[in-house]
Amino acid sequence: MEIRLKGWDRKIIVDTGITFAELLEKNFPHLLEKVVAVKVDGQLKDLTAMVEDEGEVELVEYSNEEGKEVYWHTSSHIMAQAVIELFPQSQLAIGPAIKEGYYYDIDLPRRLVPEDLPIIEEKMREIIERDLPIKRMQMRRKEAIELFRERRQNYKIELLQEMEEDPVTLYQQGDFIDLCKGPHLPSTGRVREFKLLSLAGAYWRGDESRAMLQRIYGISFETKDELEEFLHLKEEAERRDHRRLGKELDLFSFHEEAGAGVVLYHPKGAILRRIIERYLEEEHLKRGYQMVITPHLYRGDLWRLSGHMDYYKENMFTFEKENAEYVVKPMNCPGHLLIYKTKPRSYRDLPLKFFELGTVYRYERSGVLHGLLRVRGFTQDDAHIFCAREQLREQVYECLEFAFSALKDFGFSDFQVNLSTRPERYVGSDEIWEEATEELAQALKDHAVDYTVDPGEGVFYGPKIDVKLKDAIGRLWQGPTIQADFNLPERFDITYAGKDNRPHRPVMIHRVVLAGIERFLGILIEHYGGALPLWLSPVQVVIVPIADRHVECARHLNATFLSRGWRSEVDDENQTLNMKIRRAQLQKIPFAVIIGDKEVQEGTISVRTRSGEDLRNLEKDEFITRMEKKIQQRSFDEDW
RNA sequence: GCCGACGUAGCUCAGUAGGUAGAGCAGCGCACUCGUAAUGCGCAGGUCAGGAGUUCGAGUCUCCUCGUCGGCUCCA
């Protein structure tokens, strides 16, 4: 039998009736330990599967996404087996591989505590050492149900009862049998380095009305180095945690007595936020947006008109006064629509672009709140573009251009874009949906951005584009969104007079650039690990007099800096130079300017940069010119 | 909201079997006047998240509330 191997010119002659593992052993023994599965005609198969006379064979290694999935999935089985051996009454639910690692949801006789993880790990190590062969089996669904009934695995029975397939696939390693479509590693010994990461509660089938199971998260790798790198990255993420940095850098706080999910900005956080807001205002005005300001409080009637009272009620803060219902705004769009409606609009006015730094309040369930990233009160850089249908594509294009250019100014250059199409429940005609979706797609293509389509993930009132940004350590964050809306123009009955002097219905685009400022701030802090670029730093320069006699000179210099609009401070505390340098470093202040005898005499300055550079004997003017340039360019280059 | 963990001085954390709180840093004072990541000494600082209960006695045990963390669910 001849086998074609992907990536290889020559064909391989093999005997019939051998497995892929045997094929490897014979022809590529050095790969035996690397390959985790094979892919034949796009279908993943076990190494223990028989080689058949069919399509091209691709060797899948751990380095491959699918390879990791196999590796992790087997790891989760080993974990489940370990748990069963430790707690024989356990009932297994599901245990898949995820983006990073794997988990298994298990119904256990008792609550697990973190101290249990090393015990389970120890048992896993044992199972790995046993190097149990992993066997794939097929059996009639009925038999499988019987098997799991004997083993008292009710969740598996429930899964089987709802499955269509018959026969079903099971995998066995030692005494452990699990319902699973695979594929898996050929034996438990193939899992090398692993770690159990955390415990959590999880609903059976994600349904909050059903049983709460215990979920164990884990990860595994082929080498110790990879595991260590992973753990290091986790530490790095912790080091960058905006909640920790927000405290350390004195940017913002949360308070029990203020309520969950609302942010109090300290002076340094407030200035940072204002810098971002000023940037946004400038950029919007430059692009033809008009700023508007709308109230935080509205009568309930407005939200009945907009429809929010029906479908968003759960998320709104409402109250009653003088027999009238009031709503603290969760969104800015209704206000902007009211402004639109204040006078007749013509096609000549379009596109009409209203922009607002609009602060909104949304009720979020207490359990989902998370630092600045998920709050109840936040400010959006929100705009609504009213345009003719034929302007949609161009407007979306401009929004994308705006979004990317703004994110680049803040130092993000890696994006992932999604186009979400019509969901099951929707308003508007199929025709208008198709047209709008096509316009959005075209705008993306015009922009030459790669994007993936999320079928059915659009909002009920129109298709949308989501941009996710990748931060310095590779994590993705939700960023800008651009949504077409056919619903609100209808509900508010807004029109414009066309060339034909007849009323037409505009399309509305909701779009945010940085989205929630709070969330963006959180992302920004984590992206830079608190060491914000010069133009964003709450304190740009700290002037450090070495001894008391240098304070006057330092104050004088500070006045010069302040007059240039820099954010500058003098550290005139009675402390050693070392201490002051240390404080500047810990506060992640970009530049410390040192003033001592030498500087006073020669009229020069010495600069210590955040990155640790020590620059002596700088001319003041040179420093000023350089700084001005860096600020003006919004440079995020750490080098002097 | 649900599951679990947690809440002790401004911050980070200790607190043994229930016997009425402790460190480091920060703060304040004094001395030192310093050349690129912690000068020394002294002082002050807590109704142990809030409330109720058990107990002769609760930071420690029980319950409720609030908040935080990790997840789930949700996310127009």
Side-chain angles (χ1 to χ4, degrees), chain A residues 103 105 108 110-116 197-217 238 241 243-244 247-248 250 253-262 306-308 310-316 330-333 360 362-371 373-374 376 380 382 420 423 425 457-462 464 478 481 483 485 487-488 510 512 516 519 544-551 572-587 592-599 606-610 612-616:
Chain A
Y103 67 79
D105 284 347
L108 279 137
R110 74 158 169 89
R111 288 281 149 212
L112 291 178
V113 291
E115 291 72 47
D116 288 319
L197 300 170
S198 61
L199 291 167
Y203 300 109
W204 169 230
R205 316 203 110 174
D207 181 344
E208 54 184 316
S209 68
R210 308 205 56 177
M212 177 64 75
L213 308 168
Q214 299 194 68
R215 176 172 296 181
I216 310 172
Y217 284 95
E238 205 167 307
D241 192 316
R243 293 167 298 187
R244 166 209 288 270
K247 219 179 257 180
E248 286 175 2
D250 197 13
S253 56
F254 295 91
H255 299 264
E256 191 172 330
E257 40 295 53
V262 291
S306 70
H308 289 89
D310 300 323
Y311 55 79
Y312 204 64
K313 177 122 203 193
E314 284 304 294
N315 291 285
M316 301 199 297
M331 291 186 192
N332 302 302
C333 18
V360 295
R362 298 179 185 173
Y363 168 73
E364 301 280 359
R365 299 165 109 191
S366 54
V368 307
L369 300 172
H370 182 90
L373 300 177
R374 192 77 183 268
R376 285 181 175 156
Q380 297 176 296
D382 202 3
S420 301
R425 227 177 97 243
E457 286 300 305
V459 209
F460 79 87
Y461 52 70
K464 66 167 178 177
Q478 177 61 55
T481 64
Q483 312 181 336
D485 185 350
N487 178 49
L488 284 177
H510 305 251
V512 286
R519 171 178 293 193
V544 179
I546 290 180
D548 289 349
R549 61 181 178 280
H550 310 120
V551 169
D572 55 4
E573 239 189 88
N574 189 2
Q575 263 301 349
T576 57
L577 173 64
N578 273 325
M579 191 59 188
K580 292 181 188 179
I581 296 278
R582 177 181 154 81
R583 282 205 293 229
Q585 290 288 350
L586 289 176
Q587 284 297 301
V593 170
I594 288 87
I595 303 292
D597 288 336
K598 195 157 171 278
E599 286 76 14
S606 291
V607 175
R608 158 93 184 203
T609 70
R610 182 164 59 187
E613 275 181 281
D614 180 10
L615 311 156
R616 309 273 172 133

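The chains referred to below are lettered A, B, ... by the order of the sequence lines, with proteins before strands, and numbering in each begins at 1.
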Between A:D241 and A:E573, which is nearer to the 5' end of RNA chain B once each is assigned its nearest nucleotide? A:E573

Mapping A:I581 and A:S198 onto RNA chain B by nearest heavy atom, which one lands closer to the 5' end? A:I581

[X] near the nucleic acid: base, sugar-phosphate alone, or nothing, with a heavy-atom cut-off under 4.0 Å?
X: A:N315; value: nothing
X: A:E599; value: base
X: A:R243; value: sugar-phosphate
X: A:L213; value: nothing
X: A:G307; value: nothing
X: A:F254; value: nothing

If I take atom [atom1] in residue [X] and atom [atom2] in nucleotide [N], what distance separates them, rounded to the nearest angstrom?
X: A:R215; N: B:A5; atom1: CZ; atom2: P; result: 18 Å
X: A:Q585; N: B:U36; atom1: CD; atom2: P; result: 13 Å
X: A:E248; N: B:A26; atom1: CD; atom2: C1'; result: 13 Å
X: A:R582; N: B:A38; atom1: CZ; atom2: P; result: 7 Å
X: A:Q587; N: B:A38; atom1: CD; atom2: C1'; result: 15 Å
X: A:D116; N: B:A5; atom1: CG; atom2: C1'; result: 13 Å
X: A:L586; N: B:U36; atom1: CG; atom2: C1'; result: 14 Å
X: A:Q214; N: B:A5; atom1: CD; atom2: C1'; result: 12 Å

Taking atom types as they are modelled, is there a donor-acceptor pair under 3.5 Å from the base of [N] to the side chain of [X]?
X: A:R583; N: B:A26; answer: no
X: A:Y203; N: B:G71; answer: no
X: A:N578; N: B:U36; answer: no
X: A:E314; N: B:G1; answer: no
X: A:R244; N: B:U12; answer: no

Positive for side chain to side chain donor-acceptor pair (under 3.5 Å) with A:D105, one of A:R205, A:Q214, A:R215: A:R215

Using the [atom1] atom as the reference point in each nucleotide, state the distance between [N] and [M] in Å, no decimals.
N: B:U16; M: B:U8; atom1: P; answer: 15 Å
N: B:C11; M: B:G46; atom1: P; answer: 14 Å
N: B:A58; M: B:G19; atom1: C1'; answer: 10 Å
N: B:A17; M: B:U55; atom1: P; answer: 23 Å
N: B:C13; M: B:C69; atom1: P; answer: 14 Å
N: B:A37; M: B:C41; atom1: P; answer: 22 Å
N: B:G71; M: B:C48; atom1: C1'; answer: 29 Å
N: B:G24; M: B:U62; atom1: P; answer: 32 Å

Go through the structure and list residues passing ring pair (Phe, Tyr, Trp, His ring centres under 6.0 Å) with A:Y203, not counting sequence neighbours. none

For [N] and [X] - does any side-chain N or O of the residue sit under 4.0 Å from the phosphate oxygens OP1/OP2?
X: A:R362; N: B:C74; value: no
X: A:Q575; N: B:U39; value: yes
X: A:R205; N: B:C72; value: no

Give the nucleotide from the list [options] with an atom nearest to the side chain of [X].
X: A:A260; options: B:G67, B:A37, B:U73; value: B:G67
X: A:R365; options: B:U73, B:G35, B:G71; value: B:U73
X: A:Y363; options: B:A26, B:U33, B:G1; value: B:G1
X: A:A547; options: B:U33, B:G7, B:G71; value: B:U33
X: A:I594; options: B:G70, B:G7, B:U36; value: B:U36
X: A:M212; options: B:C3, B:G70, B:G35; value: B:C3
X: A:H370; options: B:G67, B:C34, B:G70; value: B:G70
X: A:K598; options: B:G35, B:U73, B:U39; value: B:G35
X: A:K247; options: B:G1, B:G35, B:C11; value: B:C11
X: A:L577; options: B:G35, B:G27, B:U39; value: B:G35

Quick one: does [X]'s side chain have a donor or acceptor within less than 3.5 Å of a partner on [Y]'s backbone?
X: A:K580; Y: A:I546; value: no
X: A:E364; Y: A:N315; value: no
X: A:R519; Y: A:L373; value: yes

So which nucleotide does [N] pair with, by the Watson-Crick or G-U wobble rule with both distances under 3.5 Å?
N: B:A49; result: B:U65
N: B:U73; result: none
N: B:C25; result: B:G10
N: B:G40; result: B:C30

Run A:Q585 and A:R608 through side chain to side chain contact (heavy atoms under 4.5 Å, CB included) and show every step you take. CA-CA 9 Å; A:Q585 290 288 350; A:R608 158 93 184 203; 2.8 Å; yes

With heavy-atom distances below 4.5 Å as the criterion, would you say the side chains of A:R362 and A:M331 are in contact? yes

First locate atom CG of A:L615, then atom CD1 of A:I594, and finally report the distance between them rounded to the nearest 0.5 Å. 9.5 Å

A:D614: what forms a side-chain hydrogen bond (donor to acceptor under 3.5 Å, both in side chains) with it, not counting sequence neighbours? A:R616

